[in-house]
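First the proteins, then the strands, lettered A, B, ... as listed; each starts at 1.
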Amino acid sequence: MMQAGQERKLFSLLMKAYGKQDWWPADTPFEVMVGAILTQNTAWSNVVKAIFNLRKNNALNPQAISAMPQAQLADMIKPSGYFNIKAKRLQSFCYWYLQQGSYDTLSKISTDNLRKDLLSVHGIGPETADDILLYAFDRPVFVIDAYTRRLFTRAGLASGHESYEVLRHQVEQVMQDSVVDLNEFHALIVWHAKESCRKKPICMHCTLQHHCNYAQQLDGYEFG
DNA sequence: ACCCAGGGTCATA
DNA sequence: TATGACCATGGG
């Protein structure tokens, strides 16, 4: 039987193991937004190359991205994969962003409404919206990704069939809507997954084909 | 040569 | 509601 607030134990365990992560790796809020779209189902190392190309071409701003021919934008972000789709998504997002006014304008919108607005943009789904809300606007939301589902399921914090919203609210409540904690928690989960991945299909609980040995130790230590 | 990465949309049942 | 196809580069 799972106890209430086990998420906090996992959080402190991860924090003890790895320390603060200081996410998101970006210089500006807008760079966070671009990175959130480009990293959809894509390794971050590839996103870095795409962002480098944008910066090199003075195109790391909403004006340049929305004004550029889509084919040219696609060529710049090619290393991040899905470049045709992501070029469309980036431009859709930048049209919306410029139409809203500015960062300051958006920062005055309530979190719930800003989330709805983001989700109305073509190519922005729940996870991308929450990345932007948490890491570009410092809003108290939690990001649910494949790593989180896998770890939570393995650690007994989730059944694996919860909807995105249910899981998100569950963590937000436990963490008492603390922006800094929600920020670190998601960052730690991602780091943990990358750091500990050993690509051996051993774990019975793992829904993917690879397995996280260190996670098993960590889970066993606290939850097993 | 295969697996999969810090997902989302769209069509189908 | 819930699957499946599709998008595409690059590292392990």
Side-chain angles (χ1 to χ4, degrees), chain A residues 11 14 18 20-26 29 31-54 70-71 73-96 115-136 141-154 159-168 171 182-203 206-215:
Chain A
F11 176 53
L14 290 169
Y18 305 120
K20 287 177 103 173
Q21 300 298 304
D22 295 319
W23 262 29
W24 181 290
E31 189 179 332
V32 173
M33 305 176 204
V34 170
I37 292 171
L38 291 181
T39 198
Q40 290 170 352
N41 200 38
T42 299
W44 181 252
S45 56
N46 287 348
V47 177
V48 170
K49 296 170 186 171
I51 290 181
F52 177 83
N53 288 341
L54 289 172
Q70 197 171 94
L73 178 58
D75 192 58
M76 282 186 204
I77 64 172
K78 187 165 286 185
S80 71
Y82 305 121
F83 46 82
N84 287 317
I85 282 182
K86 284 175 179 174
K88 285 180 187 170
R89 291 181 181 178
L90 276 181
Q91 290 196 317
S92 297
F93 173 74
C94 288
Y95 295 150
W96 170 84
R115 190 167 196 275
K116 284 174 191 168
D117 288 349
L118 284 166
L119 289 174
S120 73
V121 178
H122 182 85
I124 307 264
E127 186 178 335
T128 306
D130 291 334
D131 277 335
I132 292 173
L133 286 166
L134 179 57
Y135 293 106
V141 302
F142 191 62
V143 179
I144 307 295
D145 62 355
Y147 294 150
T148 306
R149 285 188 180 279
R150 190 176 71 195
L151 181 57
F152 275 32
T153 302
R154 187 170 47 221
S159 71
H161 296 292
E162 290 88 352
S163 72
Y164 184 99
E165 290 298 279
V166 166
L167 211 46
R168 179 168 77 89
V171 178
L182 292 167
N183 179 320
E184 287 296 334
F185 198 5
H186 175 64
L188 282 164
I189 289 170
V190 173
W191 176 251
H192 171 65
K194 289 197 295 189
E195 178 72 4
S196 56
C197 176
R198 291 296 181 275
K199 304 208 167 169
K200 291 179 186 169
I202 301 171
C203 180
C206 188
T207 56
L208 303 179
Q209 288 205 352
H210 65 269
H211 162 63
C212 176
N213 277 329
Y214 194 86

* Which whole-number value in Å describes the distance from A/L38 CG to C/dT9 P? -> 14 Å
* **Set of residues satisfying side-chain contact (heavy atoms from CB on, under 4.5 Å) with respect to A/V48, sequence neighbours excluded** => A/W44
* **Spacing of the P atoms in B/dG8 and C/dG10 (rounded, Å)** => 22 Å
* **A/W23 CH2 to A/L134 CG distance, which is reported to the nearest 0.5 Å** => 10.0 Å
* Structure fact -> With sequence neighbours left out, the residues meeting side-chain contact (heavy atoms from CB on, under 4.5 Å) with A/F52 are A/K56
* Taking only residues two or more places apart in sequence or in another chain, which ones pass salt bridge (charged side-chain N to carboxylate O under 4.0 Å, His left out) with A/E31? -> A/R55
* In whole Å, what separates the P atom of C/dA5 from that of B/dC4? -> 15 Å
* Pairing residues for A/S45 by the side-chain contact (heavy atoms from CB on, under 4.5 Å) criterion, not counting sequence neighbours -> A/A43
* To do: Please report, rounded to the nearest Å, how far the P atom of B/dC4 is from the NZ atom of A/K194.
  => 18 Å
* Calculate, to the nearest 0.5 Å, the distance between atoms CD1 and CH2 belonging to A/I132 and A/W24 respectively. => 8.5 Å
* To do: Rounded to the nearest angstrom, tell me the gap between atom CZ in A/R150 and atom C1' in B/dC4.
  => 11 Å
* P-based separation of C/dC6 from B/dG6 [nearest Å] -> 24 Å
* Under the salt bridge (Lys or Arg N to Asp or Glu O under 4.0 Å) rule, what pairs show up with a residue in residues 76-86 of chain A, not counting sequence neighbours? -> A/D75-A/K78
* To do: Go through residues 117-127 of chain A and report each residue with a non-hydrogen atom lying under 4.0 Å from DNA chain C, sorted by number.
  => none
* To do: Using the test side-chain contact (heavy atoms from CB on, under 4.5 Å), find all partners of A/A87 that sit at least two apart in sequence or belong to another chain.
  => A/Q70, A/L73, A/A74, A/I77
* Asked: Near DNA chain C, under 4.0 Å by heavy atom, which residues of residues 73-92 of chain A?
  -> A/K78, A/P79, A/G81, A/Y82, A/F83, A/N84, A/I85
* Structure fact -> Per the under-4.0 Å heavy-atom filter, residues of residues 41-54 of chain A near DNA chain B come out as A/N41, A/T42, A/A43, A/W44
* Structure fact -> Applied to residues 127-136 of chain A, the side chain to side chain donor-acceptor pair (under 3.5 Å) test, sequence neighbours excluded, yields A/Q40-A/T128, A/R115-A/D130, A/D130-A/Y164
* Structure fact -> Between CZ of A/F93 and P of B/dG7 the distance, given in whole Å, is 17 Å
* **Any donor-acceptor N or O pair under 3.5 Å, side chains A/T148, A/D145** => yes
* **Range-with-range stems of DNA chain B (Watson-Crick or G-U pairs under 3.5 Å, three or more in a row)** => B:2-5 with C:9-12, B:7-13 with C:1-7
* About how many Å separate CG of A/L182 and NE2 of A/H186, when rounded to the nearest 0.5 Å? -> 11.0 Å
* Structure fact -> Residues at least two apart in sequence or cross-chain that pass ring-ring contact (aromatic ring centres under 6.0 Å, His included) with A/F11, listed by chain then number, are A/F185
* To do: Round to the nearest Å and state the distance from A/Y164 atom OH to B/dG8 atom C1'.
  => 12 Å
* Asked: Which distance, rounded to the nearest 0.5 Å, do you find between the CE of A/M33 and the CG of A/L133?
  -> 9.5 Å
